[in-house]
2 protein chains.
Amino acid sequence: MFESAEIGHTIDKAAYKAEEATLREALLDVQYELKQRGEFPLLILIHGMDGAGRGETLNQINEWLDPRLIHTAAFDTPNDDARERPWMWRYWRELPKKGRIGMFFGSYYSDALFDRVDGKINRDTFDKQLFDILRFERMLANDGVMVMKFWLHLSQEKQRKRFKAMEKDPATAWRVTATDWQHLEQYERIKKNAEHMMRLSNTSYAPWLVVDGDDPNYRSLAVGRALLQALRQRLEMTQVAAARSDAAPITPPADNTLLLESLQLDYPLEKDEYKVQLATLQGRLNGLVRHPKFAQHSLVLAFEGNDAAGKGGAIRRITQALDARTYRIVPVAAPTEEERAMPWLWRFWRHLPGKGKVTIFDRTWYGRVLVERVEGFATTADWTRAYYEINDFEHQLGDNGAIVLKFWLAISSDEQMTRFKLREETGFKRFKITEEDWRNRDKWDEYKVAVCDMIDRTSTSAVPWTLVPANNKYYARIKVLTTVCEALEAKLGSA
Amino acid sequence: MFESAEIGHTIDKAAYKAEEATLREALLDVQYELKQRGEFPLLILIHGMDGAGRGETLNQINEWLDPRLIHTAAFDTPNDDARERPWMWRYWRELPKKGRIGMFFGSYYSDALFDRVDGKINRDTFDKQLFDILRFERMLANDGVMVMKFWLHLSQEKQRKRFKAMEKDPATAWRVTATDWQHLEQYERIKKNAEHMMRLSNTSYAPWLVVDGDDPNYRSLAVGRALLQALRQRLEMTQVAAARSDAAPITPPADNTLLLESLQLDYPLEKDEYKVQLATLQGRLNGLVRHPKFAQHSLVLAFEGNDAAGKGGAIRRITQALDARTYRIVPVAAPTEEERAMPWLWRFWRHLPGKGKVTIFDRTWYGRVLVERVEGFATTADWTRAYYEINDFEHQLGDNGAIVLKFWLAISSDEQMTRFKLREETGFKRFKITEEDWRNRDKWDEYKVAVCDMIDRTSTSAVPWTLVPANNKYYARIKVLTTVCEALEAKLGSA
């Protein structure tokens, strides 16, 4: 895999100078077109052997292009914020927005590669992490992100020479670190594992490019030309051709019987009894969140439901039991301009709680397969692949120790009508009913199908949906609180 | 994920009868169209809970459709032949050919799932195996194979009832096995891991369909309709739309310096000296293949090279050292009709050696990225993705204990001309030179680029290419034999 990058490619100064000026101009042209069109971002990952010119390449790209439109991020040891969240969180945070170029110096690949090289993980875990990475990059590609991955290469012999030369010169000696010498020792192990990693992750939508890093002229032109060629090619593609359809099809049940229709919605619970139970449950919840073991977990509550099903009321009964410093409510409406410029799940990743914290989503990422599906805001290809992406997202949360609970508050069509009318009549509740609510109501049946498909495809043992019969709001609130308490007890008891 | 399959779907007898006749006719229609067109095969995997009607479904499909065009394979514990070869080998053997339907009762999914359920593998290894499966299915899809995966579901309660009812009836009691009762015990564990497995492997090109298995009428119609719909949809697609481009792009080196050009082709070796070395090496090789540890390995030798570079001569010097019962030579020419009806790598999988055996390929799977590329027999999408598929193939061989060595015998253009002329002049060698050899020679430069791309993309630490300077055929033969001996010693010494 590295043979061609070890035969000693060179380009002399004159040839380099002759090409550089035109290359630079062409690169600036495509960069501005990328920005003007604002349709997709380019993410560049810079990897390679120590001493192969990774830093120089980063600087070269910044020098050739307009650096104001480049977002560079260097990843070293994760900080506390990152350690408390799923592996991919810190990479999500630094993704470039549409029209821009992002450059990662080191990335999730370095995490996996060096954990393997240092023997922290075995071969199977290495492969599993590469599988995680592949799904992440596929998701990026499906969301239109263009990904290019460079591996700057250097033979072991040349690496040794490079380090020695740098050490001799007082101006560069400081740049050769203990880690560099250690990596030289581990050269063969790094090379072997890098090769395996690149083999498994060299995909059409996020290809690797191996570049001989020895001669700076060669290296710069190789990287610059590859960037230019790939960007031009992508900009020439129509939007339609760039879109990938990557989702399993949806088939309705053969007898047209839907899960929601088998759900009993009315359960009795009197107000007095409710008040007694509520007080007990809130006390229990308060204690659980202060449990020492909760500091190793986090709690993510996701609320969905029919309009007027009582999500707000249920959420308030939870927050009443919590310290305001530990929880945050994230009301989810239409995405902002900033959010629309990022892969669609980004706006949920940004709100993930750290350890010992609670985040409550009032409406959630499930909007993708509910309102965006029904109203046609998302293409079929987009919302069908979202099931896979959502499952993956929640799986990453769970792997990181988060307790994720999802509630669907279900009311009958009649009950909704009663509540809508009551809201219109009651002064302080009038802001809660809009034209849109009435429009949604007209699409009751379409939403019902969407909800059933959603539950079928995203209710998993690890992160199940709780269907909450909500015609009686007291019953619904108690059901939600009980579920939260029991889930916490199950986790903290066994943790 | 299984919610909808547990609410108790049913279809009554009258409704079933009314639909069955038309469904069956429609299914036969699409089956014959599939056969007539002969463009792609359909592979159906049947999985699910014990007692959910997997066997009945298999029989139902065979009854509705023309069973002569269906190839059914049931996979239980692998036999000796399969155990000696890579995991996927026994599934490769049973793949349906174009125009036909293959049905697998149990599959690679059962292997992974029950190894996990029985605690034989940990979570990471489970994920790694799912990643292996995904790459396999993607390869199938890229080769045009249509894959449908059914999961027939049954709740634990219904499973228990089913077993009890069957035990009571003397006619069916024998069908309830100890494994069934054991799986009932493990129900939750199976369900949880099946869900995870299906979540990660539910792709656009090989989707899972979960079907409530409780009511036979419902189950049959659900499966039948899904088959019909999916086949119709695929048959309506044009060939072009069905083809997937799934390969990373190829970029030439920025200075146009090719690896092969840096190779020194002439090395001196006199005939007398050659004879001495040859005898020693052949003795060494003979001993190595009879080494007790070799019984746990196998040896795969792949020979490629310029026309007239001396592959045949080199191979003969190897086989002279071997017992004819241990080796097999596979000369690779254009694929046969049978081979063309299968995924392209199938014709190499079928020849894999068992433990303690040697297989020598005279020309290999690399034809895909050499002659098929240069002559335009394969589309760009096909040969570019072949690098990934080849690496994966060789990786599976290596994982299974095979020692894989690849030789490129390189001669100069002048040397080739000398040999061509000599062949034309020498009576018994005249059969070795054809019009095609001359035509290939005209494309010398194109082949050179193809060879360099091949080595760059498929030479890995685990399975490297050995470039053999072959202008001197004595030198070349000694180089090949030495490489084989050293590789065997490295493996058997450290094993």
Side-chain angles (χ1 to χ4, degrees), chain A residues 1 3-4 7-11 122-125 127-128 130-131 134-135 188 191-192 195-196 199-200 202-204 207-212 218 221-222 225-226 229-230 245-249 251 253-255 257-259 262 385 387-388 391-392 395 452 455-462 465, chain B residues 1 3-4 7-11 122-125 127-128 130-131 134-135 188 191-192 195-196 199-200 202-204 207-212 218 221-222 225-226 229-230 245-249 251 253-255 257-259 262 385 387-388 391-392 395 452 455-462 465:
Chain A
M1 186 162 260
E3 277 76 0
S4 262
I7 59 176
H9 293 281
T10 49
I11 286 179
N122 65 19
R123 274 182 59 170
D124 284 358
T125 303
D127 271 19
K128 172 233 180 322
L130 295 174
F131 189 19
L134 231 71
R135 295 199 306 280
E188 279 307 322
K191 182 174 168 181
K192 200 181 100 197
E195 189 184 85
H196 177 76
R199 181 177 76 73
L200 287 188
N202 191 25
T203 56
S204 57
W208 278 103
L209 274 109
V210 180
V211 174
D212 184 345
Y218 178 84
L221 285 191
R225 279 193 212 164
Q229 190 196 342
S245 170
D246 211 7
T251 327
D255 63 353
T257 302
L258 294 175
L259 177 64
S262 66
R385 72 178 160 86
Y387 297 117
Y388 197 105
N391 282 326
D392 225 16
H395 190 66
C452 292
I455 292 167
D456 267 359
R457 281 160 189 81
T458 60
S459 195
T460 63
S461 311
W465 273 100
Chain B
M1 186 163 260
E3 276 77 358
S4 262
I7 60 174
H9 292 282
T10 50
I11 285 179
N122 66 18
R123 274 182 59 169
D124 283 358
T125 304
D127 271 18
K128 171 232 182 320
L130 295 175
F131 188 20
L134 230 73
R135 294 198 308 278
E188 279 305 323
K191 182 173 166 180
K192 200 181 101 198
E195 189 184 85
H196 178 75
R199 180 176 77 72
L200 287 188
N202 191 26
T203 55
S204 56
W208 279 102
L209 272 109
V210 179
V211 174
D212 184 346
Y218 178 85
L221 286 191
R225 278 193 213 164
Q229 191 197 342
S245 170
D246 212 8
T251 326
D255 63 354
T257 303
L258 293 175
L259 177 63
S262 67
R385 72 177 160 86
Y387 297 117
Y388 196 105
N391 282 327
D392 224 17
H395 189 67
C452 292
I455 291 166
D456 266 358
R457 280 161 190 81
T458 60
S459 195
T460 61
S461 312
W465 273 99

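Order of the sequence lines sets the chain letters (A, B, ...), proteins ahead of strands, with each chain counted from 1.
Options Ser461(A), Ala462(A), Pro207(A) differ in how many heavy-atom pairs under 4.5 Å they form with chain B, and the most are formed by Ser461(A). Across Lys192(B), His9(B), Gln229(B), the residue that shares the most heavy-atom pairs under 4.5 angstrom with chain A is His9(B).
Heavy-atom distances place no part of Asp212(A) under 4.5 Å from chain B, backbone and side chain included. Contact of Leu200(B) with chain A is made through backbone and side chain together, with heavy-atom distances under 4.5 Å. Contacts of Ile455(B) with chain A are made by both backbone and side-chain atoms, with heavy-atom separations under 4.5 Å. Residue contact with chain A, scored on non-hydrogen atoms closer than 4.5 Å, involves the side chain of Arg225(B) exclusively. The contact between Glu195(B) and chain A is made entirely by side chain atoms (from C-beta outward), counting heavy-atom distances below 4.5 Å.
For Trp208(B), the ring pair (Phe, Tyr, Trp, His ring centres under 6.0 Å) partners at least two apart in sequence or on another chain are His47(B), Tyr109(B). Remark: Ser262(B) pairs with no residue by the side-chain hydrogen bond (donor to acceptor under 3.5 Å, both in side chains) rule, at least two apart or across chains.
Considering CZ of Arg123(B) and OG1 of Thr125(A), their distance stands at 11.0 Å, rounded to 0.5 Å. Atom OG1 of residue Thr203(A) and atom CZ of residue Arg385(B) lie 15.0 Å apart, to the nearest 0.5 angstrom. For the atom pair Arg457(B) CZ and Asn202(A) CG, the distance stands at 8.0 Å (nearest 0.5 Å). The CG atom of Asp456(B) sits 8.0 Å away from atom CD1 of Ile7(A), with the distance rounded to the nearest 0.5 Å. If you take CG on Asp127(B) and NZ on Lys128(A), they are separated by 4.5 Å, rounding to the nearest 0.5 Å. Atom-to-atom distance recorded for Leu134(A):CG and Leu134(B):CG is 8.5 Å, nearest 0.5 angstrom.
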Point to revise | side-chain contact (heavy atoms from CB on, under 4.5 Å) assessment of Asp392(B) paired with Arg199(A) | key: CA-CA 8 Å; Asp392(B) 224 17; Arg199(A) 181 177 76 73; 3.3 Å; yes

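Relative orientation of the Phe131(B) and Phe131(A) rings is parallel, given thresholds of 30° and 60° on the angle between their planes.
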